[in-house]
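Remarks on the structure that follows.
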Amino acid sequence: MDAPDDNPAALLPPGARRASGDVEVAAYLGIAQERESASPQRPPEGGPPPLKPEAVAVVDYGSQYSRLIARRVREQNVYCELIPPDAPREAVAGLDLKGVILSGGPASVYSGGAPLAQPWVFDSGVPVLGICYGMQLLAHQLGGSVEPASEREYGFAVVRKNAPSDLFDGLDGEIGVWMSHGDRVGALPPGFRAVAYSDNSPVAAMANDAGMYGIQFHPEVAHTPHGAQIIRNFAYKVCGASGSWTPGNFVAESVRRIREQVGRGRVICALSGGVDSAVTAKLVHEAVGGQLSCIFVNNGLLRREEPERVRAVFERNLGLNLIYVDAAERFVSALRGVTDPEKKRRIIGAEFINVFEQQARSLGAVDFLAQGTLYPDVIESETSEQTASHKIKTHHNVGGLPERMRLRLVEPLRYLFKDEVRLAGAELGLPPEMLYRQPFPGPGLAIRIIGEVTAEKLEILRAADWIVMDEIKADGLYDKLWQSFAVLTDTRTVGVMGDQRTYQHVVALRAVTSEDAMTADWARLPYDVLARIANRIVNESPSVNRVVYDITSKPPGTIEWE
Ligand code: XMP
């Protein structure tokens with residue numbers, strides 16, 4: 001469901017025309033509501049005035065690297081947004097636009113229906129950088145030509161400068177780059193000159209005097225070693241950006257805007273123990289102090305010492321109003337007899353909403369719900385609306401609090417990537433253990449116990465999980481892994497301990513590396529770490545007599561077992 005254009009929840013930056021699709025309470029909650037039933041977003045009652053951050057816009061032509069371009073620009077302290085190819089001029093009205101990047105994409109400029117650049121891209125007077133397909137668009141639309149390359153250039157290549165340009169300032173004459181293209185620029189558009197060539201591309205880079213550049217290679221990928229310098233040159237030397245997108249500025253600006261938005265209203269925020277809700281809460285607290293109440297629901301599906309840790313940080317260290325609800329029994333009894341993973345998620349989501357609503361009601365009148373929606377969630381929900389991608393697990397289909405709560409949203413992280421959230425969190429003084437914690441799913445241990453969830457199984461799994469964490473951390477592996485955890489399978493096997501035959505549970509270890517959880521590979525953990533973990537689990541947990549290691553990547557597996 002689309003949000004209104006002037007949605008007040010879009011705190012950064014405004015002019016925010018992006019619709020969030022369904023509003024998520026937060027992915028961490030794993031609330032499995034259907035899209036149609038979930039939309040707490042409402043028209044504003046006077047949102048904050050536009051912020052107009054200095055920005056570069058990336059027009060996304062469908063390259064797998066488009067998001068990466070946005071991240072690379074932001075890494076240079078310049079704010080950056082992705083916009084679709086058909087976005088009108090108004091799409092950038094809320095920005096102090098310094099430049100436009102046209103991304104790569106799978107189309108060929110000559111194929112029917114190929115997405116083009118909008119006229120405003122050329123007449124807005126800001127510099128333009130076309131990357132791969134984006135460069136071919138510049139050639140095609142500005143009077144040059146594009147032709148199929150005699151040989152596809154894919155992978156590492158060397159381009160050689162043949163004329164000076166601001167874009168390649170400070171780089172050697174020969175630049176190692178990553179190429180991935182079938183078409184190439186044939187004739188230059190009027191006013192352009194070639195500034196670099198490669199073996200297969202006579203025009204590997206082109207420029208004109210109006211600050212328009214085209215490059216055939218991908219500066220955003222790690223395989224282009226000086227890519228960051230090229231993006232930096234574009235942002236600073238070509239576009240004249242000043243580098244105002246810093247964690248310090250973000251925090252200061254967010255605080256100011258949250259104050260404006262919230263006024264004297266009251267805000268609630270659900271804490272999960274994860275980084276997104278923590279940074280959201282801390283930002284809102286900085287802005288409106290005691291007007292914020294945080295609710296932390298112990299659903300009984302958390303890891304050992306987790307509830308105590310969250311309380312310690314938020315109540316004692318950060319001084320937030322924290323409502324701690326011990327609802328463990330309620331969740332476990334609601335899960336009694338349930339074995340289907342999706343049903344577990346639905347029950348946990350529904351119970352959470354009930355508990356949360358009850359607590360919120362006890363606070364009296366509340367006006368706002370603060371939640372840690374991130375930029376990838378925003379992009380994702382738009383994309384999934386367009387592509388109706390197949391549902392694997394319901395957490396990919398974000399849900400929200402029911403309409404009846406009638407809360408307006410405060411989403412200060414709505415335009416941030418995860419690494420930027422961590423930087424903002426560090427700026428706000430949150431402890432590193434909280435900022436760099438491995439992801440933990442909202443339904444918690446319930447989806448790591450295969451079959452029915454019982455209090456007894458939760459205890460077995462908590463003990464095993466504790467050992468996994470302990471050993472992984474002891475070996476310095478924690479930060480290198482996306483996730484590492486134990487799963488309590490519903491299989492029992494025969495073993496022998498002392499002279500006794502045993503018939504006990506099998507625990508599976510799962511440790512994966514990943515960039516974004518969309519794909520993952522099983523981690524090649526050292527054998528001696530595996531041995532120590534297995535040994536300790538069977539020795540310290542009398543109910544487990546066997547440990548196995550999951551060596552399935554994603555796809556075809558998923559990270560969690562349920
Ligand atoms: P899968 O298992 O789909 O998980 O490969 C990808 C990432 O999402 C987490 N995950 C969840 N997070 N609610 C959540 O908040 C859920 O229901 C849920 N299921 C999986 C998982 O831990 C991994 O990081």
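Position 1 is the first residue of the sequence; numbering continues from there. Read the numbers this way: they start at 1 and go in the same order the structure lists the ligands and their atoms.
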Salt bridge [X]-[Y], side-chain N to carboxylate O under 4.0 Å:
| X | Y | answer |
| --- | --- | --- |
| R336 | E452 | no |
| E308 | R311 | no |
| E433 | K473 | no |
| R67 | D60 | no |
| R346 | E342 | no |

Below 3.5 Å, N or O to N or O, backbone or side chain included: is there any such pair between [X] and ligand 1?
| X | value |
| --- | --- |
| E562 | no |
| G442 | yes |
| R448 | no |
| A517 | no |

For [X], atoms of ligand 1 separated by under 4.0 Å from a heavy atom:
| X | value |
| --- | --- |
| I447 | 19 (N) |
| K554 | 1 (P), 3 (O), 5 (O), 6 (C) |
| T558 | 1 (P), 2 (O), 5 (O) |

### Query
Does CZ in R524 sit with more than 12 non-hydrogen atoms of other residues, nucleotides or ligands closer than 6.0 Å?
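Yes - once you tally the heavy atoms of other residues, nucleotides and ligands closer than 6.0 Å, there are more than 12.
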
### Task
Have a look at ligand 1 and work out which part of F440, if any, has a heavy atom under 4.0 Å from it: side chain, backbone, both or neither.
neither

### Query
Looking at ligand 1, does W482 have a heavy atom less than 4.0 Å from it?
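Contact present.
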
### Message
Checking V73 against W245 for the side-chain contact (heavy atoms from CB on, under 4.5 Å) test, could you report, in this order, the C-alpha distance in whole Å, the side-chain angles of both residues, the deciding distance, and whether it holds?
### Response
CA-CA 10 Å; V73 174; W245 180 251; over 6 Å; no

